[in-house]
Every structure is written in structure tokens, then in C-alpha cells.
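Chain A is the first sequence line, chain B the second, and so forth, proteins listed ahead of strands; every chain is numbered from 1. As the structure is a computational prediction, the values presented were derived from the model and not from experiment. The analysis underlying the following values was restricted to heavy atoms, covering all of them including side chains, and did not include hydrogens, waters or symmetry mates.
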Amino acid sequence: MTIDEQLAFLRKGTVEIIREADLRAKLEKSARTGVPLRVKYGADPTAPDIHLGHTVVIRRLRAFQQLGHQVIFLIGDFTGLIGDPSGKSATRPQLTREEIAINAETYKAQIFKLLDPAKTIIDFNSRWMDTLGSEGFIRLASRVTVKQILERDDFEQRLREERPIALHELLYPLVQGYDSVALEADVEFGGTDQKFNMLVGRNLQREYRQEAQVVIITPLLEGTDGVQKMSKSLGNYIGINEPPQEMFGKLMSISDELMWRYYELCTDLRAEEINAMRAAAEAGERNPRDVKVELAKRIITDFHSADDAQIAEDEFNRIFRSKEIPEDIETCEIKAEGWPLPHLLVETGLAESKAEARRLIEQGGVRIGGVRQTDTGIVVGIKSGEESLLQVGKRRFLRVRGVAA
RNA sequence: GCAGGGGUGGUCGAGUGGUUAAUGGCACCGGGCUGUAAACCCGGCAGGCUAACGCCUUACGUAGGUUCGAAUCCUACCCCCUGCACCA
């Protein structure tokens with residue numbers, strides 16, 4: 001690939017590259033000297049469950065690896081101690097060395113589904129922050145002015161709106177920036193929320209007489225609701241360790257509009273290919289449903305296998321297209337006797353409360369053996385040794401087996 | 001410590017004595033439609049009792065009080081935020 005081709009390749013799925021000219025220079029230098037670029041990405045040590053939102057940046061890291069460069073996956077175990085830079089949530093829990101080690105292993109298992117282990121270094125910023133000491137930290141702090149730190153949009157805004165800013169939040173960018181110094185990073189990746197911190201890294205590197213890193217900003221992926229960014233706490237995420245059927249279902253539930261965004265950020269298809277698909281769908285040549293199925297299968301193939309993807313699709317079609325029952329249905333045992341239907345639903349965990357169970361029944365969401373039940377007063381006879389099939393909504397199934405009391 | 005602002009259901013955010021289990025958005029759940037768990041439309045969204053009409057309990061930071069009646073007024077307390085003191 002020529003340098004121009006490389007730049008185009010690396011640009012996909014990014015929001016901004018600061019500065020592209022610097023990146024070009026670094027790529028040229030690397031090609032000339034044969035020394036790979038050091039590409040840094042910092043991860044939160046407390047949340048090792050990777051979801052599709054995280055994979056957006058991981059795919060970009062992989063792009064660098066494909067060009068022969070070195071990825072440094074930095075686990076911010078020290079940064080984790082000083083708190084959440086967003087100011088949204090309370091201080092993060094303090095992790096023990098063992099917990100951090102476990103989380104790191106979990107990370108590895110997940111990121112290596114996309115990244116090349118031979119071109120990935122896992123590091124921890126406590127390695128240099130622990131030895132820096134209070135004195136070193138103060139010296140570090142002397143390199144940056146208050147005004148510079150307060151330039152950050154978030155701080156500026158919160159100051160203006162008289163919302164609180166904890167002191168340690170001002171320190172956060174310093175630590176993150178110093179990580180780049182310690183690692184002599186050539187490139188740092190992060191989401192839009194990390195832009196400022198990464199720019200501090202550039203300034204600090206210059207302070208320490210290093211070449212400033214290139215900052216590459218990746219977009220935040222919207223969650224399955226299509227509104228808020230994907231995150232575990234909002235419950236709108238698709239975890240890469242989730243079972244294939246679950247992933248398939250969740251991916252089919254995203255809106256047709258959002259699907260293009262997922263194509264762009266969660267597949268390796270080139271922009272032209274995606275645009276062509278979109279044009280075909282909008283012209284009515286391809287059914288959006290089929291395009292979405294393809295998306296789901298591509299993503300599942302990345303984290304499971306092509307076979308798993310096919311099985312997930314078959315299962316989905318069986319339930320939603322043919323309205324048949326799934327292959328594997330959990331069985332639960334229950335005392336053989338006459339159960340009023342709402343009680344039965346609560347007992348089996350299909351409803352949270354009897355009030356909810358009643359609502360579900362009234363709304364026509366409950367079936368027994370495939371037959372819709374709309375009478376909340378019905379008593380279901382569960383006989384010992386016999387099974388009944390309960391269904392709530394379109395996709396919750398449960399077999400109930402009666403056992404003698 | 002002082003001054004000011006604030007704490008409402010999963011979330012955001014209305015409501016300042018009486019159709020209030022509490023407007024509305026979002027999220028979520030059920031139904032319809034569909035080659036989609038899309039879009040759109042309809043319904044639901046504290047809990048308990050009843051086959052059902054309905055009844056009853058909790059609920060607007062906490063605890064009391066005023067009132068026929070309070071999320072709304074009063075008192076005390078708790079928590080959060082902003083500012084002041086000030087200058088290592």
C-alpha cells in the first residue's frame with residue numbers, strides 16, 4: 001500500500017485525526033526505518049466486559065496492526081483509582097492487584113478475537129505511576145497550567161453552569177497524558193470524550209522533548225435503543241461474549257437507520273460497499289431485513305463462528321417468521337396442582353408480580369401450549385410427570401413439568 | 001460556619017393544598033401490521049386481594065405537625081450543589 005492508501009485505510013470509522021500530516025510523516029518514517037509505530041489505547045480496568053461499542057476502536061487498532069504496527073493496550077489501573085473523568089458517577093471501586101490481573105485476562109480473551117496477540121502489548125500505568133511518587137506528580141503538574149486544563153469543554157461548561165468539578169478530575173488528563181510520555185506513544189486512540197485528554201498527551205510529550213503523538217478520535221456507537229451511547233449501565237449494549245442467538249436478536253432489533261451505522265463501525269466492509277448496499281436498500285432492490293440479517297451474521301461470525309451465525313439465523317426465523325417454538329427450551333419443575341395462571345407466571349419467573357402477570361394476560365401476551373390465554377382467572381392444572389409449554393410475548397418460552405408434592 | 005439553590009416513579013423532567021398512583025419525553029413490556037425483536041399504530045408501565053365491577057396498601061430525601069384533605073404549607077433532621085471566608 002502506498003502511504004495515501006494507508007491513510008485512507010486508517011481513516012475509516014474515525015471522526016478526526018490530529019493531525020493527519022503528522023500521521024503521514026510517522027507512517028513514512030516507519031516505512032523508511034522499519035520501526036513499527038506504537039499505538040496506544042487506554043482501557044478502564046473496572047469494566048472488562050467488552051461490547052460492540054468498544055470494538056469500534058479495537059477495529060481501528062487492528063487496522064494499524066494489519067499495516068505492521070504495534071498496539072499497546074494500556075489498562076489504566078492507576079487512573080482507575082482516581083476516579084471517573086466524566087464526573088458522572090461516583091469514584092470507582094478500588095481494585096486489588098488480583099482483581100486487576102483477572103480483569104486483564106478477561107480483556108485479553110476478548111480483544112484477541114480481533115487483535116493480533118503477536119503485535120499487542122498489554123501494559124498497566126501503575127507500572128510508572130506508582131514509582132512517580134508525590135514529588136514526581138507535583139513536578140508533572142507544574143508542566144501544565146490551570147488555564148490549559150480548564151479549556152476542556154466539559155470543565156468550561158460545568159464551571160459556567162455552576163456544576164461541581166472535583167479536583168482530581170483536573171488531574172486525570174495529566175495522568176493520561178503522562179502515560180503517552182512513558183510509553184513514547186506515536187498514536188493514541190480514544191472516543192470523542194477523550195479528545196482533550198489525548199491532546200494534553202501531545203503537549204506533555206513536547207514538554208518531555210518527544211515527538212507529539214497523533215490523536216485519533218473514534219465515534220461513540222449508539223446502543224440498541226439508537227438514542228444513547230452503548231453502555232452496560234444503560235442496558236442497551238450487545239456484549240461480544242453473548243450467545244449467538246442473543247446477539248442475533250438484539251441486532252435485528254436495532255432500527256433500519258441505525259443498521260448503517262453498525263455496518264460502518266462494526267464491520268470491515270469498505271465505505272463504498274456499504275454505500276452500495278444502502279443505495280440498493282433504498283431503491284427497494286434489497287429488503288432491509290435481509291441487509292440486517294447479513295449484518296448480524298457478520299458480527300456473530302467475528303466473535304463466534306459462521307456456523308453459530310447460521311444457527312442463530314435459523315432459530316430466529318423459526319420463532320419470528322414461522323412462529324414455531326425454539327429448539328432448546330428450559331424446563332422448570334413445579335408442584336403438581338391447580339395453579340391460577342397469574343400465580344404460575346410469577347412462580348416460574350415469567351412475570352415479576354401478579355399485577356404484571358395479569359397485565360400480560362389481558363394484553364394477549366400469554367400462551368399455554370400455543371393457545372392464547374386471555375382469562376386471568378383460569379386455573380392451570382399441572383399434573384405430575386406431564387409438561388406444559390408456557391409462552392410470554394413472542395420470545396420467552398418455558399416448559400413446566402409437574403412434580404408430586 | 002454563613003448566604004443562596006436543590007432532593008419526584010428505570011431515567012430525564014412537570015406539578016407548589018383537593019378528578020394525584022402523580023402531565024410529558026426517553027427507555028422498557030404486550031398486541032397489531034411486516035419477509036425485521038425495524039418503522040408505524042394501539043395498549044401497558046407500584047404492589048396485594050377479586051372471575052370481574054371494584055377494594056385496599058404503600059409512594060414524591062427522612063421524621064413529625066397543620067388541615068376535612070399535602071408531593072405541594074409548617075418544624076426538625078439528613079444529603080447534594082453554588083458562593084463567601086482566604087492565601088500554603
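- In this structure, A/Asn287 reaches the bases: a heavy-atom distance under 4.0 Å links it to at least one base atom across the strands shown.
- Annotation: B/rA51 and B/rG44 have their P atoms spaced 23 Å apart (nearest Å).
- Look at CG on A/Leu258: it is 14 Å from C1' on B/rA37, rounded to the nearest Å.
- Nearest nucleotide to the A/Lys292 side chain, out of B/rG31, B/rG48, B/rU36: B/rU36.
- Against RNA chain B, the stretch residues 246-254 of chain A makes heavy-atom approaches under 4.0 Å through A/Gly249, A/Met252, A/Ser253, A/Ile254.
- For the pair A/Arg395 and A/Phe316, the cation does not sit on the ring face, since its NZ or CZ is not both under 6.0 Å from the ring centre and inside 45° of the axis.
- Ring geometry, A/Tyr107 versus A/Phe73: the interplanar angle exceeds 60°, so the pair is classed perpendicular (tilted spans 30 to 60°).
- A salt bridge does not link A/Arg202 with A/Glu207: every distance from a Lys NZ or Arg NE/NH1/NH2 to an Asp or Glu carboxylate oxygen is 4.0 Å or more.
- B/rA22 and B/rG9: their P atoms are spaced 16 Å apart (whole Å).
- With rounding to whole Å, A/Trp260 atom CH2 is found 16 Å from B/rA39 atom P.
- Distance check on atom C1': B/rC41 versus B/rC60 gives 33 Å, rounded to whole Å.
- Closest to the side chain of A/Pro288, from the set B/rA37, B/rG30, B/rU36, is B/rU36.
- Note: CZ (A/Phe320) to P (B/rC33) measures 15 Å, nearest angstrom.
- As rounded to whole Å, 12 Å separates atom C1' of B/rG35 from atom CG of A/Asp256.
- At whole-Å resolution of the value, CZ in A/Arg395 and P in B/rG31 are 10 Å apart.
- Of the candidates B/rA27, B/rG31, B/rC29, the closest approach to any side-chain atom of A/Leu360 belongs to B/rC29.
- If you take CZ of A/Arg318 and C1' of B/rA37, they are 17 Å apart, rounded to a whole angstrom.
- In terms of position on RNA chain B, the residue among A/Val346 and A/Asp375 whose nearest nucleotide sits closer to the 5' end is A/Val346.
- Side-chain N/O atoms of A/Gln194 and A/Glu188 include no donor and acceptor closer than 3.5 Å.
- Remark: A/Asp186 does not engage A/Arg38 in a salt bridge, criterion side-chain N to carboxylate O under 4.0 Å.
- Considering only the side chain of A/Ala355, B/rG48 comes nearest among B/rG48, B/rU50, B/rG31.
- Using C1' as the reference atom, B/rU11 and B/rG5 are 23 Å apart when rounded to the nearest Å.
- A/Glu356 has no carboxylate O lying under 4.0 Å from a charged side-chain N of A/Arg359, or vice versa, which leaves the two without a salt bridge.
- Distances from the side chain of A/Lys354 to the nucleotides B/rG30, B/rG31, B/rG48 place B/rG48 closest.
- Look at B/rU23: it lacks any Watson-Crick or wobble partner with both distances under 3.5 angstrom.
- The partner of B/rC45 is absent, by the rule that a Watson-Crick or G-U pair needs both atom distances under 3.5 Å.
- Spacing of P atoms, B/rU23 relative to B/rG10, comes out at 14 Å, to the nearest Å.
- Atom P of B/rA21 sits at a distance of 15 Å from the matching atom of B/rU72, rounded to the whole Å.
- Contact annotation: A/Thr376 reaches the phosphate of B/rA52 (side-chain N/O to OP1 or OP2, under 4.0 Å).
- Between A/Arg62 and A/Asp116 there is no salt bridge, since no side-chain N of the basic residue sits under 4.0 Å from a carboxylate O of the acidic one.
- Pairing partner, B/rC2: B/rG83, with both Watson-Crick or wobble hydrogen-bond distances short of 3.5 Å.
- The side chain of A/Ser255 lies closest to B/rA38 when the candidates are B/rU36, B/rA38, B/rA51.
- For the residue pair A/Ser180 and A/Gln205, no side-chain donor N or O sits within less than 3.5 Å of a side-chain acceptor on the partner.
- In a base pair of the Watson-Crick type (N1 to N3 plus N6-O4 or O6-N4) or a G-U wobble (N1-O2 and O6-N3), with each distance short of 3.5 Å, B/rA88 is matched with no nucleotide.
- A/Asp308 and A/Ser305 share a side-chain donor-acceptor pair at under 3.5 Å.
- Whole-Å rounding puts the A/Glu352 CD to B/rG44 C1' distance at 15 Å.
- Considering only side-chain N and O atoms, A/Arg358 lies nowhere under 4.0 angstrom from the phosphate OP1 or OP2 of B/rC45.
- Checked by distance alone, A/Gln363 brings a side-chain donor or acceptor within 3.5 Å of a matching partner on the base of B/rG43.
- Between A/Arg359 and B/rG47, a side-chain N or O to OP1/OP2 separation shorter than 4.0 Å is present.
- No donor-acceptor contact under 3.5 Å links the side chain of A/Asp290 to the base of B/rU36.
- A salt bridge links A/Lys108 with A/Glu105; the closest basic N to acidic carboxylate O contact falls under 4.0 Å.
- Summarising the geometry, the separation between CD1 on A/Ile319 and P on B/rG35 is reported as 19 Å, rounded to the nearest angstrom.
- Using the Watson-Crick or G-U wobble rule with both distances under 3.5 Å, B/rG18 pairs with B/rC68.
- Taking atom P in both B/rG17 and B/rG6, the straight-line distance is 16 Å, to the nearest Å.
- For the P atoms, the distance linking B/rC42 with B/rA52 amounts to 28 Å, nearest Å.
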